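Reckoned from all heavy atoms, side chains included, excluding hydrogens, waters and symmetry mates. When a ligand or atom number is given, it counts from 1 through the structure's own listing order. This structure is a prediction, so every number in the text was calculated from the model and none was measured.
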Amino acid sequence: MPAPRTVLLTGAAGGLGTLMRGLLPSYGYDLRLLDLRPIEGEPDAVVADLADKEALRAAVRGVDAILHLAGISLESTFDKILRANIEGTYNLYEAAREEGVNRVVFASSNHTVGWTPTPREGDPLLPVTAPRRPDTFYGLSKCFGEDLAQLYADRHGIDTVSVRIGSCFPEPTTVRMLSVWLSPADGARLFHAALTAPVRGHTVVYGSSANTRLWWDLGPARALGYTPQDDSEPFAGKLIAEQGELDRSDPAQAHFGGAFVVDPPIWPH
Ligand code: NAI
Ligand code: 15L
């Protein structure tokens with residue numbers, strides 16, 4: 001497969017989309033942008049809802065690959081999650097199938113395994129083959145996205161890398177994030193690897209930097225050619241002084257999904 005050049009970036013107005021709009025062009029990509037919301041300074045961006053099948057078909061036409069970030073990124077009502085994340089991702093894959101786009105990178109999430117207890121010292125890192133334990137309707141929608149990707153790989157030959165992103169923000173802001181932080185620069189490295197790796201079918205990887213306090217196995221991501229350069233550890237002293245070490249007697253601190261396991265999920269950023 002030749003390296004993709006023109007990539008549709010959905011969710012381009014969001015936090016991660018904005019970071020990737022800044023970072024991915026240096027890898028040689030020509031980004032086509034799509035979001036529900038207009039993007040200041042980007043008059044050519046497609047403003048469309050994932051529910052709009054015609055707009056999606058037009059948006060994917062002629063691209064080499066899709067980086068699918070659009071959707072509801074936190075917990076919400078089931079109806080809203082159903083429309084944006086479940087039906088929306090289905091609509092995107094249908095558009096890809098109809099237009100012959102056969103490489104997708106799907107923004108999955110650590111919340112697919114959010115109810116998994118975090119490892120204690122000496123425990124093995126969580127493999128991507130561990131049973132999924134979604135912590136929310138949001139996490140459940142990401143499990144659906146991964147299964148949809150598997151179906152479209154098997155049935156239609158569309159290759160997907162599902163990246164179970166940890167927390168991709170400029171800096172970690174909680175003690176939990178010291179374990180799951182994906183620096184924006186490593187995020188771009190990982191998405192680039194996922195867009196270009198010569199893998200067929202559906203591949204699931206965890207997405208984080210090479211954090212000293214890592215909870216999961218980065219082997220599958222490294223196998224794509226991803227070499228993380230960052231580690232959250234320089235932020236540890238300040239965060240632990242402010243917030244204390246993780247308190248495992250608190251359910252919101254004892255699971256991969258952090259505060260998402262609490263009903264309703266409360267998130268401090
Ligand atoms: P965000 O909420 O900042 O951005 C999501 C974007 O999707 C927004 O600009 C929104 O307008 C757009 N969108 C929502 N519904 C849409 C629809 N129906 N049609 C078209 N566009 C729609 O979220 P963020 O942080 O940028 O995350 C991007 C993706 O990565 C999301 O899918 C999220 O679930 C996933 N993710 C992000 C993580 C992170 O650390 N930022 C961690 C794990 C997963
Ligand atoms: C996610 O899936 C969310 O989209 C993001 O906003 C963060 O909350 C992240 O997980 C996290 O777990 O820190």
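- The atoms of ligand 1 that sit less than 4.0 Å from any heavy atom of S73 are 1 (P), 2 (O), 23 (O), 33 (C), 34 (O).
- Each of the atoms 17 (C), 18 (N), 19 (N) of ligand 1 lies under 4.0 Å from some heavy atom of D49.
- By the 3.5 Å distance cut-off applied to N or O atoms, F169 is not counted among the residues near ligand 1.
- Here the shortest heavy-atom distance to atom 42 (C) of ligand 1, taken over G166, P38, S208, C168, belongs to G166.
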Check step by step if side-chain contact (heavy atoms from CB on, under 4.5 Å) holds for T118 and R213.
CA-CA 11 Å; T118 55; R213 295 159 198 256; over 6 Å; no
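- Listed by number with element, the atoms of ligand 2 under 4.0 Å from a non-hydrogen atom of N110 are 10 (O), 11 (C), 12 (O).
- Counting the atoms of ligand 1 from 1 in the order shown, those under 4.0 Å from a heavy atom of S108 are 43 (C), 44 (C).
- Close approach of ligand 1 to A107 (heavy-atom distance below 4.0 Å) involves ligand atoms 29 (C), 30 (O), 35 (C).
- Summary of contacts: the protein heavy atom closest to atom 19 (N) of ligand 1 is L50 N, 2.9 Å.
- At the top of the distance list for atom 22 (C) of ligand 1, counting protein heavy atoms only, stands L36 CB, 3.8 Å.
- Between E146 and S108, the side chains place a donor N or O and an acceptor N or O closer than 3.5 Å (distance only, hydrogens not considered).
- The neighbour count for R21 CZ, taken as heavy atoms of other residues, nucleotides or ligands under 6.0 Å away, is above 12.
- Of the heavy atoms in R83, none comes closer than 4.0 Å to ligand 1.
- Counting non-hydrogen atoms of neighbouring residues, nucleotides and ligands closer than 6.0 angstrom, the CD atom of E40 reaches no more than 12 such neighbours.
- Side-chain atoms of N211 and S179 include no donor-acceptor pair closer than 3.5 Å.
- Looking at every heavy atom in both residues, A59 comes nearest to L34 through CB-CD1, 3.7 Å.
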Go through F256 and L126 one step at a time and tell me if the side-chain contact (heavy atoms from CB on, under 4.5 Å) criterion holds.
CA-CA 10 Å; F256 276 69; L126 191 74; 3.8 Å; yes
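- Note on ring orientation: taking the six-membered ring where Trp is involved, the planes of H111 and F260 are parallel (angle under 30°, cut-offs 30° and 60°).
- Contact check on K238 versus E242 returns a salt bridge, with a Lys/Arg side-chain nitrogen under 4.0 Å from an Asp/Glu carboxylate oxygen.
- Looking only at distances, a side-chain donor or acceptor of D64 sits under 3.5 Å from a matching main-chain atom of T6.
- Less than 4.0 angstrom separates some heavy atom of S109 from each of these atoms of ligand 2: 1 (C), 2 (O).
- Atom numbering of ligand 1 starts at 1 in the shown order; those under 4.0 Å from a heavy atom of A48 are 19 (N), 20 (C).
- Among all protein heavy atoms, the one lying closest to atom 29 (C) of ligand 1 is L69 O, 3.0 Å.
- No part of K142 comes within 4.0 Å of ligand 2, judged by heavy-atom distances.
- Taken from CD in E98 to NZ in K53, the straight-line distance is 8.5 Å, to the nearest 0.5 Å.
- The N/O atoms of I165, backbone and side chain alike, include none that comes under 3.5 Å of an N/O atom in ligand 1.
- At most 12 non-hydrogen atoms from other residues, nucleotides or ligands lie less than 6.0 angstrom from CZ of F137.
- Residue S73 approaches ligand 2 through these ligand atoms, each under 4.0 Å from one of its heavy atoms: 3 (C), 4 (O), 6 (O).
- Below 3.5 Å of separation, one finds no N or O of L34 facing any N or O of ligand 1.
- Listed by atom number, the atoms of ligand 1 under 4.0 Å from S167 heavy atoms are 40 (O).
- For atom 26 (O) of ligand 1, the closest non-hydrogen atom on the protein side is L16 N, 2.7 Å.
- Listed by number with element, the atoms of ligand 2 under 4.0 angstrom from any heavy atom of F260 are 8 (O).
- For the residues G14, A51, G71, the heavy atom positioned nearest atom 7 (O) of ligand 1 is part of G71.
- Looking only at protein heavy atoms, the nearest one to atom 34 (O) of ligand 1 is Y138 OH, 2.5 Å.
- In terms of N/O distances under 3.5 Å, ligand 1 is approached by D35.
- Applying the side-chain contact (heavy atoms from CB on, under 4.5 Å) test between V161 and each of L67, T203, L195 identifies T203 as the sole match.
- Within ligand 1, counting atoms from 1 as listed, the ones closer than 4.0 Å to a heavy atom of R37 are 8 (C), 9 (O), 11 (O).
- Listed by number with element, the atoms of ligand 2 under 4.0 Å from a non-hydrogen atom of L74 are 6 (O).
- The shortest N or O to N or O distance between N110 and ligand 1 is not below 3.5 Å.
- Counting heavy atoms closer than 4.0 Å to ligand 2, residue W181 contributes nothing at all.
- Between L56 and G88, the shortest heavy-atom distance links the atoms CD1-O, 4.5 Å.
- Atoms of ligand 1 found under 4.0 Å from any heavy atom of G11 (numbered from 1 in listed order, with element): 6 (C), 7 (O).
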Derivation and outcome, salt bridge (Lys or Arg N to Asp or Glu O under 4.0 Å), residues E94 and R97:
CA-CA 5 Å; E94 271 297 283; R97 182 187 64 76; 2.8 Å; yes
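- Contacts between A12 and ligand 1, counted as non-hydrogen atom pairs separated by less than 4.0 Å, are absent for every part of the residue.
- Heavy atoms of G166 come nearer than 4.0 angstrom to ligand 2 in at least one pair.
- Environment of CZ in R200: sparse, with no more than 12 heavy atoms of neighbouring residues, nucleotides or ligands closer than 6.0 Å.
- Counting protein heavy atoms only, atom 3 (O) of ligand 1 is closest to G15 N, 2.9 Å.
- Side-chain contact check for Y93 and H68: no donor-acceptor pair (N or O, by modelled atom type) lies under 3.5 Å.
- Two residues are said to be in side-chain contact when any heavy atoms from C-beta on lie closer than 4.5 Å; L92 and V60 meet this criterion.
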